[in-house]
2 protein chains.
Amino acid sequence: MISARVHYACLAMLELASHPSGDTPVSLREISDRHGVPGPFLVQIFRSLRTAGWVQSVRGSQGGYRLLIRPSELSLLEIAEVVGYQESGNPGTGKSTAAELMLQEIWDEMSQASRNVLAGIQLSDLAQRHRNGEESMFYI
Amino acid sequence: MISARVHYACLAMLELASHPSGDTPVSLREISDRHGVPGPFLVQIFRSLRTAGWVQSVRGSQGGYRLLIRPSELSLLEIAEVVGYQESGNPGTGKSTAAELMLQEIWDEMSQASRNVLAGIQLSDLAQRHRNGEESMFYI
DNA sequence: TATAAACATGATCCATATAGTCAAGTATAG
DNA sequence: CTATACTTGACTATATGGATCATGTTTATA
């Protein structure tokens, strides 16, 4: 359902958001080591994050990435989408029986339901929850 | 998001549910022709539906399939699952950072949200909606 | 009883997307 | 000037889903 790409991307952004800003940037190596993320794969993901303008790359020794955007202004849905969440719409796009259209509406509704979950969680929520251990504090 | 398999399966069950019971069974050919469903693919799908015990096959000439279950007792989620909706769980199953577990919960919640949509629609709802043209009458 | 209509079963193929890799290059701290 | 680390672009491999084929079995009906 959720691709590894999206999973890693959110993990990475959370890592950046949890890092004291103004400090030395976070290297891919750190993220790659801390969680089991395959190194070169992270590179691909960060390319997308950088294109989106959310992170800044610092080249050279002691380089890495810094967060550019306020974590409260970025939802998980936005992150997921920028690394390729659900490019291709649902099936059946093209034919058209009454029955098929009806089903199509349902698939859309479904898709919307899951997107709403992601849309409702900001990166800042994630970071806060992370700091406070594992207590569930989204819907308070 | 929704596979063609699931789409076709729901379409097929709707077709059976819309057919006067006690009448001659519905042949795969009819379904295949009416909507653009590739013939031999339907065979695969009906194998699952039959194994689930929801349809009865009638072999020989004039054969086809009959619905065995009450449409009000079957949800779209059940149909989707029997033809292989979301066998494999979300990614990350195996590792375990605090951050990863936290994300995992979110993916699960997401998955649950979409499943709830399907779980909330019975085959009978679908059939009724189909009869009454295209008016939305799910949440009344 | 012969034949055509249909389902039954199992194997197989192909296209696409995703996960993951490689290599050559550039920038920068120390 | 060297090690570290990002940049870019191409590339491979594996799994999944979609779709097909071939062969066999059952049964209505002419």
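Letters go in sequence order (proteins before strands), and every chain restarts at 1. The figures that follow rest on heavy atoms only: side chains count, while hydrogens, waters and symmetry mates do not. Keep in mind the model is a prediction, meaning the values are calculated, not measured.
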### Message
Run the salt bridge (charged side-chain N to carboxylate O under 4.0 Å, His left out) test against Arg115(B) and tell me which residues pass, sequence neighbours left out.
### Response
Glu81(B)
### Query
Between dC7(C) atom P and Leu49(B) atom CG, what is the distance in whole Å?
13 Å
#### Entry: Gap between atoms CD and C1', on Glu30(B) and dC7(C) respectively (whole Å)
14 Å
### Query
Between Leu42(A) (CG) and dA5(D) (C1'), how many Å, whole number?
13 Å
### Task
Check side-chain contact (heavy atoms from CB on, under 4.5 Å) between Ser61(B) and all other residues, then give those that pass, not counting sequence neighbours.
none
### Rounded distance in Å - CZ (Arg66(A)) to C1' (dT28(C))
14 Å
### Partners meeting side chain to side chain donor-acceptor pair (under 3.5 Å) with Arg34(B) (sequence neighbours left out)
Glu15(B)
### Message
Within the 3.5 Å criterion, strictly below it, is a donor on His7(B) or Gln104(A) matched to an acceptor on the partner's side chain?
### Response
no
### Query
Using a cut-off of less than 4.0 Å, is there contact between a side-chain N or O of Tyr8(B) and OP1 or OP2 of dA19(D)?
yes
### Message
Quick test of your reading: applying side chain to side chain donor-acceptor pair (under 3.5 Å), list the pairs with at least one residue in residues 68-79 of chain A, sequence neighbours left out, ordered by first then second residue.
### Response
Ser75(A)-Glu78(A)
### Task
Pull out every residue in residues 50-60 of chain A that has a heavy atom closer than 4.0 Å to any atom of DNA chain C, ordered by number, or say none.
Arg59(A), Gly60(A)
### Message
Under 4.0 Å, heavy atoms only, any strand: does Tyr65(A) hit a base, just the sugar-phosphate, or nothing?
### Response
sugar-phosphate
#### Entry: Any donor-acceptor N/O pair, Ser32(B) side chain to Leu28(B) backbone, under 3.5 Å
no
### Task
Would you mind classifying the nucleic acid contact of Arg29(A) as base, sugar-phosphate or nothing, using non-hydrogen atoms under 4.0 angstrom?
nothing
### Message
Without decimals, in angstroms, what is the distance between Leu28(B) CG and dT20(D) P?
### Response
14 Å
### Task
Please figure out whether Gln62(B) or Gln44(A) has its closest DNA chain D nucleotide nearer the 5' end.
Gln44(A)
Under 3.5 Å, which donor-acceptor pairs do the side chains of residues 40-58 of chain A form with other protein atoms, sequence neighbours left out?
residue	atom	partner	partner atom	Å
Gln44(A)	OE1	Arg5(A)	NH2	2.7
Thr51(A)	OG1	Arg47(A)	O	2.7

### Message
Regarding Gly39(B), tell me which of base, sugar-phosphate or nothing describes its non-hydrogen contacts under 4.0 Å with the strands shown.
### Response
nothing
### Atom pair distance, as rounded to whole Å: CZ in Phe41(B) and C1' in dT16(D)
11 Å
### Given dG18(D), dT7(D), dT18(C), the nucleotide with the shortest approach to the side chain of Ser3(B)
dG18(D)
### Message
I want to confirm an ordering. Mapping Gly64(B) and Ser61(A) to their closest nucleotides on DNA chain C, which one lands closer to the 5' end?
### Response
Gly64(B)
### Summary
In whole angstroms, the gap separating C1' of dA19(D) from NE2 of His7(B) amounts to 16 Å
### Query
Hey, is the side chain of Arg47(B) poking within less than 4.0 Å of OP1 or OP2 on dT9(C), counting only N and O atoms?
no
#### Entry: d(CE, Met1(A); P, dA17(C)) in whole Å
18 Å
### Task
Would you indicate which nucleotide in dT7(D), dT18(C), dT21(C) comes nearest to any side-chain atom of Pro38(A)?
dT21(C)
